[in-house]
Amino acid sequence: MHHPDLTPGVMTGLAWYFLLASVLNAAAAAYIAYMELVSEGASRVGLAPKTRKLPNWLVGAFFALYGLAVLVILGRDLLPNATLIAYSLCALANVVVALTAGADAAHFAEAHDAGHGRGSEVHGPSLDDHQPAIGLGKPMNRTLWTLIWAIIAVMFQAMGITYALGGAAILPQFIRDGVDAVSGPTTFFVFSTIAFILMLMFRKIVSNGIVAWAGVNAVLVLFGLSMTDWDFRDIVTKPDNVPIVGMIILVGYFTWLSLRRAYINDSRMALGLPNLEEMEPEKTLTWPDLVYTELICMVALTIFLVVWGIALQAPLEQPASSTVAPNPSKAPWYFLGLQEMLVYFDPWMAGVVLPGLIIVGLMAIPYIDTNKAGNGYYTISQRKFAYITFQYGFLILWVVLIVLGTFLRGPNWNFFGPYEYWDLHKVIPLNNVNLSEIVWLQVLGLAKPENILKRESPGFLVVLAYFLLVPPLLAKIPMFKKMIAQGGWLRYFVLAGLILFMASLPIKMVLRWTLNLKYIIAIPEYFFNI
Amino acid sequence: MGIADKIYESQLWKSIFRHPMPTDRRNRVVVMLTNFFLHLHPVSVRKQGIALSYTWCMGGTTFFLFIVETVTGVLLMFYYRPTLEHAYNDILALRDVTTLGILRELHRWGAHAMVITVWLHMYRVFLTGSYKPPREFNWVVGVLLLVLTLLLSFTGYLLPWDQLAIWAITVGSNMARATPLAGVEGPGASLLKLNGVSLITSGSDAKFALLGGRSVGEMTLNRFYVLHCVAIPLAAALLIMIHFWRVRKDGGISGPM
């Protein structure tokens, strides 16, 4: 099925998208060149006043150019090519900011090397010097990174102008085919899990703002180029899928922010310093400090919602018909993680028991987590087990599965790569077998017994062993020993039960991928399949 | 005396706000104690506790979205009739005929946003360990509010009565059919018999109770409408009050204990 990858509307959209990417990088360059770059709390320990300042003319020029662009767009009926003129003005503003920041950073570096502007000559280190937060390692080279973000800003702007002028840069077909070829539920899930483990292992590197911003840029490029693909665009821009794109961005940002704060806190506490949350123990009056923050948040949110409401119409499809089922039929997006579990479990597990246990398990958290540390501040090292378990559950087993169910599951709930056409007739061979068949037919070479209980006895043994033998075995691990000593056996068994249920999903996945296992216990006569 | 001062000194102003503008320390304290809406807050808060990079402002955002949903929801109820005859056409008219026709957009996008902000709020509360003593029970209340938020969104999903609505609810409610013991296709349900007659049939199981019928139909629309507009919002409002009350009682705004 062939659809045009690029249409005039898409090109215009991409031109503005890369303008946004460019202004973000110009802002990053200006931030590093001009702002007081100090670690959390450094401003509170009284460093010297800042020696760099954002030039007023630059701010003025930036907003004047953007303001002029808005005026041009408002008067588009009078001017030929108004949109292109407005676009050029915005692009010019971005490039001016990027180049000025780069030039000034180089100038500051020279002046700094010549011995000027060092606050340290007077009192202590200068804000001019970059003080990385404790634990985050060496100071960065401000000139270098200003130049890099400035160059990237100019490059993004060049891409945007290419699209605005009708140039047709698309994601090369071989990359799309390659991504689609390696995509699958297995690779997607395994890759996410590996990324999760790497993120925790290398949290020092991930916490670094430079690394994080490089990641943001990589995503910006990849997403922008992916939008040139018809199939990718078709799924991502469905009105009800737009909030999920927003959710991915928000969850990603807040995961990073919390990881960074936890890492800084852990480094500080290892040195015997107070954590970030303990640095300001004093109180402030609710009016005006909190009340005004709330007011500003409410106003900003109202504007955001109104703009969103005007820009994007709520979806309304054909009138309801109980005879014409759409394919795929999907639950509301926040339940798509549960719908994805239906691939591995029957509805009574995926739709009733496991969701119920998620709710019960969430409620049980404060009562089974007896660790007194980590109350009211971000930390990983003081509560590793709780942190990893929750993060794995939320990020991988919830958010990643929603993304999978939303963007990568098409007709008949088949898996489709991000650039693959949702073909109604795609056939995926299913040759899944039950444990009873593996044991009786393949291993023992016997016929399957008639008696249900005897037939399914291997499955019952496996499930019983899982729930009865694993908890006592785990109890021998020092970490759990400590938990039992602190909280007692009842708490431990509740915890172990919940963890085993949670782990049952990835375990079932792996069994499916490796052994084509369908059910461990299969008694369809009573709808009892596990 | 300027006009502003005259207004602050007037009987009308004093009768409503009971004190002058909170520009000095005394009145900034008094305003928090005498104003009905503000007295939800304490007079003073920990500086660290209101830092955006710490709290992410997600709980407050969720509450604000709840208010937005309530206001736009009431306005939508003026236009919408939950019957097979009218539901879809009323939504069409809301889009095409009504002045300022972004009410449904505000409501729908606000609802999606609310689901996300609830998750992020819980995410922050977990990551800062703020569910630990003495706040255990408030976390439990919060989980209940999460469930209610999802139910609100789920029941609202059906009301436009388009293909998206009916099939999403069909897929979701098919799960109820598989409830152990209580659903017609749930494990063990066929064992529940009285004198050889099955107790759990497609006309008496959990799915039937949820939908008010064997499949998604007019009774489902009515049922979900009442749940969406009356029952769940009332329950949520009650739990929100308890949630806020307990924030104050359990040590105030989050921070190192």
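Everything quoted here is computed from the prediction, not taken from an experiment. Labels below follow one simple rule: chain letters A, B, ... track the order of the sequence lines, proteins then strands, and each chain is numbered from 1.
Only the side chain of B:Trp139 comes within contact range of chain A, judged by heavy atoms closer than 4.5 Å. Neither the backbone nor the side chain of B:Val125 comes within contact range of chain A; no heavy atom of the residue lies under 4.5 Å from a heavy atom of that chain. Of the atoms belonging to B:Thr170, not a single heavy atom falls under 4.5 Å from chain A. Proximity to chain A is absent for every atom of B:Ser173, based on heavy atoms less than 4.5 angstrom apart. If you measure heavy-atom distances from B:Leu84 to chain A, you find no contacts under 4.5 Å at all. Heavy-atom distances place both the backbone and the side chain of B:Arg28 under 4.5 Å from chain A. Contact annotation for B:Val30: neither backbone nor side-chain heavy atoms come within less than 4.5 Å of a heavy atom of chain A. Contacts of B:Arg177 with chain A are absent, with no heavy-atom separation under 4.5 Å from either backbone or side chain. Proximity to chain A is limited to the side chain of B:Val115, based on heavy atoms less than 4.5 angstrom apart. The parts of B:Tyr131 that come within reach of chain A are both its backbone and its side chain, each placing non-hydrogen atoms under 4.5 angstrom from that chain.
By number of non-hydrogen pairs under 4.5 angstrom with chain B, the leading residue of A:Leu250, A:Ile244, A:Thr255, A:Asn275 is A:Thr255. With respect to chain B, the highest number of heavy-atom pairs below 4.5 Å among A:Glu317, A:Lys283, A:Gln318 belongs to A:Glu317.
Inspection of the B:Glu185 and A:Trp348 side chains reveals no N or O donor paired with an N or O acceptor under 3.5 Å. A side-chain donor from one of A:Asn265 and A:Glu277 sits under 3.5 Å from a side-chain acceptor of the other. Counted by atom type alone, B:Asn138 and B:Asp250 present zero donor-acceptor pairs between their side chains at under 3.5 Å. Counting only N and O atoms by type, the side chains of A:Asp346 and A:Tyr519 include a donor and acceptor under 3.5 Å apart. Remark: the A:Trp333 side chain and the B:His112 side chain contain an N/O donor-acceptor pair separated by less than 3.5 Å.
Partners of B:Thr62 according to the side chain to side chain donor-acceptor pair (under 3.5 Å) rule, which considers only residues two or more places apart in sequence or in another chain, are B:Thr117. With sequence neighbours excluded, the residues satisfying salt bridge (Lys or Arg N to Asp or Glu O under 4.0 Å) with B:Asp90 are B:Arg81. Qualifying side-chain contact (heavy atoms from CB on, under 4.5 Å) partners for B:Thr220, counting only residues two or more places apart in sequence or in other chains: B:Leu158, B:Leu211, B:Val216, B:Phe224.
Nearest heavy-atom pair across A:Pro243 and A:Pro239 is CD-O, 3.3 Å.
Of residues 378-388 of chain A, those residues lying under 4.5 Å from chain B by any heavy-atom pair are A:Tyr378, A:Thr379, A:Arg383, A:Ala386, A:Tyr387.
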